[in-house]
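Report on the structure given below.
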Amino acid sequence: MRRENNRFWLKMSALVLALLSRFYVVYLVVGAVAHLSRRIESIHLTYPAEPRFREAYTFQVGYLQGLYRALEWISSPIAMFSQGGGLGLALAVAADEKCLMIPENEVRLRQLLRRMRCIQRLVGAEKMTFAGLLPSHLAKHQIDTGTLVVSDPREATRCALLSAIDQVVEKDFEGVRPPILLFGGAGYIGCDLAKALQKKGDVLHIIDVKGPSEAQETLLPKLKGQAVIFVDVARRNAIKPVVPHLWPELVLLNETYPEPSGAVLAEIHARGVRVRHVAGVEGTMKPNLPGGYSGAVPCCAAHKITDETRAVLKNL
């Protein structure tokens, strides 16, 4: 009953904030209140990669759906977070990944960015961070972010993954560093991580998600039965066709947003594979994010990264 009450109030708060967020004065108040204790270092924009994330913040009743659709592109606060000694404000839009990425909605995306510029100025934040595929999408399509100071998520994600790999080595391989298979190693995050792993002297194998069939026919059979850390930094669901080719001696380290679905996890577990999920980096998020991201600050939202930054791992 208490859990249901918490969910109700979370959804009610999200709805009220979404309505109030149409008025910029809300952010003046948020910035002023935050400055009484600590300055807001950054604002973070996320979106629901799957319906379950949207459902965590919205009432599933018919008469409210029209209102939610009207607010779909209005970024509104969902949490405050503390990381690296500074405060951050997390905002979300109800528009999903497909809506954000299709060319037909580029005008709306630019309007959203202008809105984020205003919010950044009003709360006095230095930086702006994006979740999921937004950073690579903006860079690939050269979408102007104006005067936004946009933080590159690759450094934070790289540091978190290096920390996560070290933890997996200690917990799952008794300190003996096995070869690393980087899935999505030719992508936005993967290229940066590959360079760091090569610099560390790791035995590294890279699979490009555009050609998983080739990897299935050559690389995976060659490594099968060996102790391997399989690091997934590819786009969501890209791992599905690879799952039948995994083996029990392998540990899957997931960084992809969102974490694998229950059905995919069941198939992975059926093959005897252990799954570790990077929930984010150490910090506090109030209220917690849903799913596999509770108890941490998402890597892409981190505003201060040092050699001491430690990843938060979860067993899936």
Restricting to non-hydrogen atoms, name the atom on C300 and the atom on A131 that form the minimum distance, rounded to 0.1 Å.
SG-CA, 3.7 Å
Residue pairs, two or more places apart or on separate chains, that pass side chain to side chain donor-acceptor pair (under 3.5 Å) and touch residues 263-273:
none
Looking only at heavy atoms, what is the nearest atom pair of L252 and L250, with distance?
N-CD2, 3.8 Å
Check this for me: R310, atom CZ, are more than 12 non-hydrogen atoms of other residues, nucleotides or ligands nearer than 6.0 Å?
no
Is I102 reachable from L45 through a run of I, L, V, M, F, W or Y residues, each pair having side-chain heavy atoms under 4.5 Å apart?
no
Side-chain touch L28/V123, heavy atoms, less than 4.5 angstrom:
no
Would a single hydrophobic cluster contain both L316 and V312, if residues Ile, Leu, Val, Met, Phe, Trp and Tyr are joined by side-chain heavy-atom contacts under 4.5 Å?
no
Quick one: do L181 and V203 end up in the same hydrophobic cluster if we chain Ile, Leu, Val, Met, Phe, Trp and Tyr together by side-chain heavy atoms under 4.5 Å apart?
no
Go through F230 and V273 one step at a time and tell me if the side chain to side chain contact (heavy atoms under 4.5 Å, CB included) criterion holds.
CA-CA 10 Å; F230 186 108; V273 175; over 6 Å; no
Within-4.5 Å side-chain heavy-atom neighbours: V228 and W247
yes
H277 side, atom NE2; Y257 side, atom OH - distance, nearest 0.5 Å:
10.5 Å
Residues in salt bridge (Lys or Arg N to Asp or Glu O under 4.0 Å) contact with E97, at least two apart in sequence or another chain
R236
Can you run down the ring pair (Phe, Tyr, Trp, His ring centres under 6.0 Å) pairs that involve residues 100-127, sequence neighbours left out, and say none if there aren't any?
none
Would you find a donor on one side and an acceptor on the other, under 3.5 Å apart, between the side chain of E249 and the backbone of Q226?
no
So, do I40 and V30 sit near enough that their side-chain heavy atoms are less than 4.5 Å apart?
yes
If we check salt bridge (Lys or Arg N to Asp or Glu O under 4.0 Å) with D192, which of these qualifies: R158, R154, K199?
R158
On a heavy-atom basis, the closest approach of S42 and A301 is OG-O, 4.2 Å
Keeping to residues at least two apart or across chains, list the ring pair (Phe, Tyr, Trp, His ring centres under 6.0 Å) pairs with something in residues 85-122.
none
Who are the salt bridge (Lys or Arg N to Asp or Glu O under 4.0 Å) partners of D172, not counting sequence neighbours?
R274, R276
Holding to side-chain contact (heavy atoms from CB on, under 4.5 Å), I want the full list of residues that pass it with C159, two or more places apart in sequence or in another chain.
E155, I305
Cluster link Y68 to L17, ILVMFWY, side chain under 4.5 Å
no
Could you tell me which residues satisfy salt bridge (Lys or Arg N to Asp or Glu O under 4.0 Å) with R39, sequence neighbours excluded, listed by chain and number?
E126
Identify, with sequence neighbours excluded, every residue that meets salt bridge (Lys or Arg N to Asp or Glu O under 4.0 Å) alongside E255.
none
Carefully, step by step, assess S75 and I119 under the rule side chain to side chain contact (heavy atoms under 4.5 Å, CB included).
CA-CA 10 Å; S75 53; I119 294 171; 3.7 Å; yes
I want to know whether Y47 and F130 have ring centres closer than 6.0 Å.
no
Modelled atom types, side-chain donor and acceptor of S13 and Y57, under 3.5 Å:
no
Taking all non-hydrogen atoms of both residues, which atom of A238 and which atom of F183 are closest, and how far apart?
O-CZ, 3.5 Å
Smallest heavy-atom separation, V281 atom then A160 atom, equals CG1-CB, 3.8 Å
CG on L64 to CG on L15, rounded to 0.5 Å:
6.5 Å
Steps toward side chain to side chain contact (heavy atoms under 4.5 Å, CB included) verdict (D166, R177)
CA-CA 8 Å; D166 288 343; R177 206 168 181 92; 2.9 Å; yes
Taking the side chain as C-beta and beyond, is there a heavy-atom pair between E308 and S163 under 4.5 Å?
no
Linking Ile, Leu, Val, Met, Phe, Trp and Tyr by side-chain heavy atoms under 4.5 Å, what else ends up with L193?
L161, L162, I165, V168, V169, F173, I180, L182, Y188, I189, L197, L204, I206, I229, V231, V233, V251, L253, V278, L313
Do S76 and R22 come close enough that some side-chain heavy atom pair is under 4.5 Å?
no
So do the side chains of P260 and L265 get within less than 4.5 Å of each other, counting heavy atoms only?
yes
Enumerate the side chain to side chain donor-acceptor pair (under 3.5 Å) contacts for residues 282-298, please, sequence neighbours excluded, ordered by first and then second residue.
S294-K314
Below 4.5 Å, heavy atoms only, C-beta onward: do K127 and E41 meet side chain to side chain?
no
Those residues at least two apart in sequence (or on a different chain) that pass side-chain contact (heavy atoms from CB on, under 4.5 Å) with A186 are D208
Would you give me the side-chain donor-acceptor pairs under 3.5 Å for residues 77-92, sequence neighbours excluded?
from, atom 1, to, atom 2, distance (Å)
S82, OG, R38, NH1, 3.4
Q83, OE1, H303, N, 2.9
Q83, OE1, K304, N, 3.1
Q83, NE2, K304, O, 2.8

Check: N105 side chain, R108 main-chain N or O, donor-acceptor pair, under 3.5 Å
no
Between M285 and P298, which heavy-atom pair has the shortest distance, and what is it?
CE-CD, 3.4 Å
Treating W73 as the side-chain partner and A95 as the backbone partner, does any N or O pair qualify as donor plus acceptor under 3.5 Å?
no
Looking just at side-chain N and O atoms, do T256 and R235 make a donor-acceptor pair shorter than 3.5 Å?
no
Side chains of L220 and I207: closer than 4.5 Å at any heavy-atom pair?
yes
One pair to check against side chain to side chain contact (heavy atoms under 4.5 Å, CB included): R110 and V107. What are the steps and the verdict?
CA-CA 5 Å; R110 290 179 185 276; V107 172; 5.8 Å; no
